[in-house]
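Data block below; observations after.
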Number of protein chains: 2
Amino acid sequence: MKLQVQIEMNEALFLRNPESSELGKNILKHGVQLIHKTGFEAFTFKKLAEDIGTTEAGIYRYFENKHKLLVYLAAWYWAWLEFQIIFQTNNIKDPTKRLKKIINLLAKSVEDDEQTSHINESLLHQIIISEGSKAYLTKQVGEDNKQHFFKPYKDLCSVIACIISECSPKYKYPKSLASTIIEMAHFQNFFMYNLPSLTDFGKSKEESKIIAFLNDLVFTSLKNS
Amino acid sequence: MKLQVQIEMNEALFLRNPESSELGKNILKHGVQLIHKTGFEAFTFKKLAEDIGTTEAGIYRYFENKHKLLVYLAAWYWAWLEFQIIFQTNNIKDPTKRLKKIINLLAKSVEDDEQTSHINESLLHQIIISEGSKAYLTKQVGEDNKQHFFKPYKDLCSVIACIISECSPKYKYPKSLASTIIEMAHFQNFFMYNLPSLTDFGKSKEESKIIAFLNDLVFTSLKNS
DNA sequence: TTTATAATAATAGTAATACTATTATAAATA
DNA sequence: TATTTATAATAGTATTACTATTATTATAAA
C-alpha cells in the first residue's frame with residue numbers, strides 16, 4: 001500500500017496548482033534540488049527551466065516569483081512535519097514523551113520517503129534549515145501573513161505549545177518556547193556544520209547532541225514552573 | 001567629552017575603508033537608513049547612490065556588493081554590542097547579574113547615540129533583527145567564515161558562554177545556550193511584531209516580557225545543572 | 001614650475017535577472 | 001467542422017549587479 005500524503009496548500013501561494021500537472025510536479029522536484037544545490041540567492045527560474053527542459057515563462061505560469069516558491073516549499077514542509085508529528089505521536093499518551101518525540105523529529109535529519117511524493121523531504125529539510133527563515137524575514141511578512149502563508153508554521157507551533165502546556169500547565173511561555181525549539185533545532189544544526197564555535201557540538205557534529213541540548217533546555221524549564 | 005567608538009573592522013570586508021572618507025561614512029549612514037526602509041532584498045547600490053548623490057560605481061569602490069555591506073554592518077553591530085556589554089557590566093562582579101544585564105542589552109531596543117558615530121544604532125538594531133541572519137545563511141558562509149567575517153559574532157557568543165560557565169561551571173551547553181539567547185532575543189522580537197501568535201507577547205508587545213522569558217529559560221537551566 | 005604619476009571620480013557600458021506581452025499550438029467542446 | 005479554451009513557446013523589456021574606460025584631481029619628483 002502506497003501512502004499518498006496530499007497536503008492541501010493555500011491557493012494564494014501559486015498561480016496554478018503545481019500538483020495538477022507533470023510540469024508543476026517537476027517544478028517542485030527540481031526546484032528543491034536546485035535551491036539545495038545553489039542556495040536561494042543564486043537560484044533563478046531560468047536555471048530551473050533549463051534543468052527541467054521548459055522555459056522561464058513556463059514556470060512563471062505556476063509561481064509568481066521565487067519568493068512565493070520558497071514560501072510554498074516552507075509551508076509544505078511545516079504541514080508535512082505536523083502530519084509526521086501527529087502520526088508518530090498518535091499512540092503516545094504521556095505528554096512528556098510526546099514532546100521528546102517531537103524534539104527528535106524536529107532535530108533529526110529526515111530520510112527521504114521516496115514512496116510518498118515527488119518532493120525529496122531530506123533535501124527540503126536541509127533547505128528549511130538554511131533558507132527557511134528567509135520565507136518570513138522580509139518586508140512583505142505582514143502581507144504574506146494576512147494571506148495565511150505561514151499558517152502551517154503557526155499550526156505546528158501551536159500543537160507544540162499545547163503539549164508544553166499539558167506537561168506544565170503553569171509554564172508561562174508555551175508559544176515562545178515552542179518557537180524557540182523549532183528555530184533552535186534548525187539553527188543549532190546550521191551552526192554546528194557552518195559556524196561550529198557557536199555551539200558545543202562543533203567537534204563531534206552529532207545531531208543527538210542537539211537533541212540532548214534541547215531536551216535539557218525544555219525540560220528543566222518545565223520542571224521548575 | 002565626546003566618546004568616539006572606533007571599531008576596527010576586518011579589512012577583507014571592504015575594498016576601501018568607509019570610515020576613511022565622507023563618501024564612505026555616507027554609505028554607512030544612508031545604507032543603514034535605506035536597508036531599514038526598503039528591506040535588504042529591495043535595497044540596491046543604485047538607490048543608495050541616488051540617496052547620497054553619488055554614482056553606483058562610487059559605492060562599488062567601497063564595497064564589492066551589497067552582501068559584503070550587510071556583513072560589514074552586522075560585524076560592526078556585534079562588535080559595538082560586545083563593547084557595550086563589556087563596558088556596562090564592567091563593575092558587576094556577580095556573574096548572574098552580569099548575565100541578566102546582557103540579556104537586557106540584547107533584547108532591549110537600542111536608543112541611538114547620536115554623539116558617537118554616523119551609524120544610527122537604533123535602526124541598525126532593527127536591521128539586525130530582520131536581516132541579520134541573512135549575513136550567514138548563505139552558500140558562502142564557509143568562505144566568509146574562513147575570512148573571519150563572523151568573528152565579532154563569535155566573540156560575543158564566547159563572552160556570554162564564559163559568563164554562563166561562571167554561573168554554572170557544570171552546565172554542559174554554554175555556547176549553544178549563548179547563541180540561543182542571542183538569536184532568540186531577536187527572533188522573539190521579530191515574531192512579536194510580525195507573527196505574534198508564535199510568541200506569548202503578541203497582545204502587549206512589551207520587550208520586557210521577552211526579557212522575562214529569556215531570563216526564565218536561562219536561569220532555570222543553570223539552576224538545575 | 002613643469003611634468004610625471006598616482007589616486008579618485010564620472011561615464012558609459014554589459015551580462016544576467018526578473019519579469020511580461022504576444023503569438024502559436026493543441027485539446028476540448030459546440 | 002468550427003470555435004472556444006487551455007496551454008505552451010517566442011520574444012521582448014526594465015532593472016540589477018556589476019565592469020571597463022575615460023576624465024579629473026591631487027601629489028610628488030625633476
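All values derive from a computational prediction rather than experimental measurement.
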Dot-bracket encoding of pairs in DNA chain D, which uses [ ] for pseudoknotted crossings and | for another strand, Watson-Crick or G-U under 3.5 angstrom: ||||||||||||||||||||||||||||||
Atom pairs under 3.5 Å: protein N/O with N/O of nucleotides 6-13 of chain D:
unit_1, atom_1, unit_2, atom_2, d
D:dT7, OP1, A:R16, NH2, 3.4
D:dA8, OP2, A:R61, NH1, 2.7

Classify the ring geometry between B:F87 and B:F83 as parallel (under 30°), tilted (30 to 60°) or perpendicular (over 60°). parallel
Partners meeting side chain to side chain contact (heavy atoms under 4.5 Å, CB included) with B:N215 (sequence neighbours left out): B:K100, B:I103, B:I211, B:F219
Report the residues that fulfil side chain to side chain donor-acceptor pair (under 3.5 Å) with A:H36, sequence neighbours left out, ordered by chain and then residue number. A:Q126
Under 3.5 Å, side-chain donor or acceptor atoms of residues 183-190 of chain B against the rest of the protein: list the pairs with distances, not counting sequence neighbours.
unit_1, atom_1, unit_2, atom_2, d
B:E183, OE1, B:Y136, OH, 3.3
B:E183, OE2, B:Y136, OH, 2.8
B:E183, OE2, B:Y153, OH, 2.4
B:Q188, OE1, A:S176, OG, 2.8
B:Q188, NE2, A:S176, O, 3.4
B:Q188, NE2, A:S179, OG, 3.0
B:Q188, NE2, A:T180, OG1, 3.4

Between CD1 of A:I59 and P of C:dT20 the distance, given in whole Å, is 14 Å
Which parts of residues 130-144 of chain B get close to DNA chain C, meaning a heavy atom less than 4.0 angstrom away? none
Considering only heavy atoms, which members of residues 29-50 of chain B lie under 4.0 Å from some atom of DNA chain C? none
Return the set of residues passing side chain to side chain donor-acceptor pair (under 3.5 Å) with A:S158 (not counting sequence neighbours), or none when no residue passes. none
Listed once per pair and sorted, the salt bridge (Lys or Arg N to Asp or Glu O under 4.0 Å) pairs that draw on residues 22-39 of chain A, sequence neighbours left out: none
Decide yes or no on side chain to side chain contact (heavy atoms under 4.5 Å, CB included) for B:L70 and B:E131, but give the supporting numbers first. CA-CA 8 Å; B:L70 180 66; B:E131 319 287 355; 4.2 Å; yes
On the ring face of A:F14, is A:K68 found with NZ or CZ under 6.0 Å from the centre and within 45° of the axis? no
Can you say whether the rings of B:F213 and B:F201 are parallel (under 30°), tilted (30 to 60°) or perpendicular (over 60°)? tilted
Under the rule for salt bridge (Lys or Arg N to Asp or Glu O under 4.0 Å), what residues qualify as partners of A:K151, not counting sequence neighbours? A:D155
Can you sort out which residues in residues 63-72 of chain A have a heavy atom within less than 4.0 Å of DNA chain D? Ascending by number, please. none
Which residues satisfy the side chain to side chain contact (heavy atoms under 4.5 Å, CB included) test with B:T55, sequence neighbours excluded? B:A57
